[in-house]
There are 2 protein chains.
Amino acid sequence: MLTKIQSLKNIPIFSSLSEKHLEELSEIMLEKTYRKNQVIFDQGDPGNSLIIIKSGLVKISLVDSNNHEFIIKTFSMNDFFGEMSLLDCGPRSATATAVEDTLALIIFRDNFIGLIQKNPSVALGMLTELSNRLRTTTENISNLTFFDAYGKVARCLLDLADKIGKKEETGLAMQLTLSRQELANMSGLSRETFARILKEFQIRGCLKVQGKKILILDEKIMRREIVI
Amino acid sequence: MLTKIQSLKNIPIFSSLSEKHLEELSEIMLEKTYRKNQVIFDQGDPGNSLIIIKSGLVKISLVDSNNHEFIIKTFSMNDFFGEMSLLDCGPRSATATAVEDTLALIIFRDNFIGLIQKNPSVALGMLTELSNRLRTTTENISNLTFFDAYGKVARCLLDLADKIGKKEETGLAMQLTLSRQELANMSGLSRETFARILKEFQIRGCLKVQGKKILILDEKIMRREIVI
DNA sequence: GAATTTTAGTGATCCTGATCACATTTTTTA
DNA sequence: TAAAAAATGTGATCAGGATCACTAAAATTC
């Protein structure tokens, strides 16, 4: 079992910290567990904490008054989220929900501000990470604006494969936790349309779908759907 | 006429700097002018500079292979952009184009990194600003996902009014530089649909449109279109 | 492991907004 | 200021994907 300090070191934004600072950090962090489907925070909530995932899976989503959900992204081990409210003191801009049982570390604003004032490298790491997030969010907009349903499904699956795909003899395999409805909500499509496109990709021979296991057989053809 | 240092002070992320630092900063900055419609940088270009606008107007947009444009946002006096490539060294994620003749200051990566390492407050200001941008980009996604054409137009106009609207006796007035096509491209609609909705809002009495001057007569009703 | 609930697949239909086509207005250029 | 070019408005049509309705399968509960 890793010590608290060793596991902090695995978190990219903190990897540059000295043992001493890590120790300080570990003391101001709170450990918390969330059950599957438990809401971690809601869109609009006031918030001043940053959440780091030690294990599990969390979805960040927008929900409208008709309960239509759009999943912006998912986070897993060693990822952090919630930094926006931490930094600009605004309300939570999206809802965070545990998709699996999740173990998290929490750090509060005042402590965090102190940390980055003492450690410019943490600030820089954070800036780089935020910049990356802005980049993927921009790509998200690009998806929603320019891609048709095929592109949206392809983009969703290829992104997931990037994150959790494992090379097998026949292709890239992934074992999903997310439901079809959730995959559709990540793609910006209705569940029905998502299912139809998934079927079509199978007919074309790009995919093999067995329940929650999806195998990407022909990545090249799939990628063709997401060329801008 | 403001001195270079005085005008740097007006830029929010630099406002906390001392005279001495401002002077250093002013020496590493490059001044450049762009003509109307000139491309400042293109999506995909390598980039390691941050651009600060002294005067003028710049649009940041995504363009697909069919020349469909989506305008993510516009920047004007004292705003900065291009920070993403500066921070994570990735390619430009969108295209920046001058909508009006524009005067800009440019700062390059190495100098910038040096600056924020010496000035944690600049890093913090930048983090807050990036966080804000992530927030508005997230709102953008929300628009695209949940709003119908009415909502999209309302959101676009209300945002513009926020930025450049002036109170008149009859309502909020704004003098636009952007073309109808560009307004449509900000809303994620076709030019035709945008025009139709604009007309409909006029019929309803929410708007008065006289060419490039738009008057918001009934903000309340317009806002009703963008309630999530 | 049977019963219940939830999730998923699929055909039929509908609707919103894109596209096309063209007239009109505005802007630019000579 | 006339002519050309570009931007804008608007009717007609089209199409992609949402929604509805239902069956089938999977997961959960007791």
Side-chain angles (χ1 to χ4, degrees), chain A residues 35-37 59 63-71 97 99-101 143-157 175-203 207-214 225, chain B residues 35-37 59 63-71 97 99-101 143-157 175-203 207-214 225:
Chain A
R35 302 301 306 272
K36 182 175 173 171
N37 291 326
K59 68 177 175 186
V63 183
D64 75 1
S65 50
N66 302 119
N67 258 20
H68 283 111
E69 178 189 52
F70 179 77
I71 299 180
T97 314
V99 177
E100 304 167 358
D101 288 352
N143 290 350
L144 288 169
T145 314
F146 300 135
F147 291 172
D148 64 5
Y150 290 89
K152 286 174 182 174
V153 172
R155 176 72 206 272
C156 171
L157 295 180
Q175 191 61 44
L176 300 170
T177 337
L178 298 163
S179 68
R180 289 297 142 89
Q181 181 69 69
E182 286 173 315
L183 292 179
N185 293 351
M186 286 183 71
S187 312
L189 297 170
S190 68
R191 178 184 60 78
E192 294 92 329
T193 298
F194 189 93
R196 280 185 262 263
I197 306 278
L198 211 60
K199 190 188 176 191
E200 175 64 24
F201 274 135
Q202 277 181 278
I203 293 171
L207 289 181
K208 192 171 174 189
V209 180
Q210 297 158 309
K212 298 245 162 196
K213 188 184 174 189
I214 294 186
E225 297 290 341
Chain B
R35 303 300 306 273
K36 182 176 171 169
N37 290 326
K59 68 176 176 187
V63 183
D64 75 0
S65 50
N66 301 120
N67 258 20
H68 283 110
E69 180 190 50
F70 178 76
I71 299 180
T97 314
V99 178
E100 304 167 358
D101 289 351
N143 290 350
L144 287 169
T145 314
F146 300 135
F147 291 173
D148 66 4
Y150 290 89
K152 286 175 182 172
V153 172
R155 176 71 207 273
C156 172
L157 295 180
Q175 190 61 44
L176 300 170
T177 337
L178 299 162
S179 70
R180 289 298 142 86
Q181 180 69 69
E182 285 173 316
L183 292 179
N185 293 350
M186 285 181 72
S187 312
L189 296 171
S190 68
R191 177 184 61 79
E192 295 92 329
T193 299
F194 189 92
R196 281 185 261 263
I197 307 279
L198 211 58
K199 189 188 174 191
E200 175 64 23
F201 274 135
Q202 278 182 277
I203 293 170
L207 289 182
K208 192 171 172 189
V209 180
Q210 298 157 307
K212 297 245 161 193
K213 187 183 176 190
I214 294 184
E225 297 291 341

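Below, chains carry the letters A, B, ... as their sequence lines are ordered, and counting in each starts from 1. None of the values given here were measured: they were computed from a predicted structure. No hydrogens, no waters, no symmetry mates; every other heavy atom, side chains included, goes into these values.
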For the pair made of [atom1] in [X] and [atom2] in [N], what is the distance, rounded to whole Å?
X: B/Lys213; N: C/dT26; atom1: NZ; atom2: P; answer: 16 Å
X: B/Leu198; N: D/dG9; atom1: CG; atom2: C1'; answer: 11 Å
X: B/Glu182; N: D/dA6; atom1: CD; atom2: C1'; answer: 13 Å
X: B/Asn37; N: D/dA6; atom1: CG; atom2: P; answer: 12 Å
X: A/Phe201; N: C/dG9; atom1: CZ; atom2: C1'; answer: 17 Å
X: B/Leu183; N: D/dA7; atom1: CG; atom2: P; answer: 13 Å
X: A/Phe194; N: C/dT10; atom1: CZ; atom2: P; answer: 14 Å
X: A/Phe147; N: D/dG17; atom1: CZ; atom2: C1'; answer: 17 Å

Which residue lies more 5' along DNA chain D, comparing A/Ala149 with B/Leu178 via nearest heavy atoms = B/Leu178

Using a 4.0 Å heavy-atom cut-off, does [X] contact any base of the nucleic acid, only the sugar-phosphate backbone, or nothing at all?
X: A/Ser179; value: sugar-phosphate
X: A/Leu189; value: sugar-phosphate
X: A/Glu192; value: base

Does the side chain of A/Arg180 get closer than 4.0 angstrom to OP1 or OP2 of C/dG9 through an N or O atom?
->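 Yes, because at least one side-chain N or O of A/Arg180 sits under 4.0 Å from OP1 or OP2 of C/dG9.
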
So, is B/Thr193 near the phosphate of C/dG17, with a side-chain N or O under 4.0 Å from OP1 or OP2?
->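 No, outside the criterion.
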
Would you mind telling me which of [options] lies closest to the side-chain atoms of [X]?
X: A/Arg196; options: C/dG9, C/dA12, D/dT28; answer: C/dA12
X: A/Lys36; options: D/dT28, C/dA18, D/dG9; answer: D/dT28
X: B/Arg191; options: D/dG9, D/dT19, C/dT19; answer: D/dG9

State the CE-CD distance between A/Met186 and A/Glu69, to the nearest 0.5 angstrom.
->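 It comes to 10.0 Å.
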
Could you give the distance from CG (B/Leu157) to CG (B/Leu198), rounded to the nearest 0.5 Å?
-> 6.5 Å

Side chain of A/Lys152, backbone of A/Ala184: donor and acceptor closer than 3.5 Å?
-> no

Under 4.0 Å between a Lys/Arg side-chain N and an Asp/Glu carboxylate O for A/Lys36 and A/Asp101?
->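 Looking at A/Lys36 and A/Asp101, the cut-off is not met.
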
Per side-chain contact (heavy atoms from CB on, under 4.5 Å), A/Gln202 is matched among A/Ile214, A/Ile197, A/Leu207 by A/Leu207

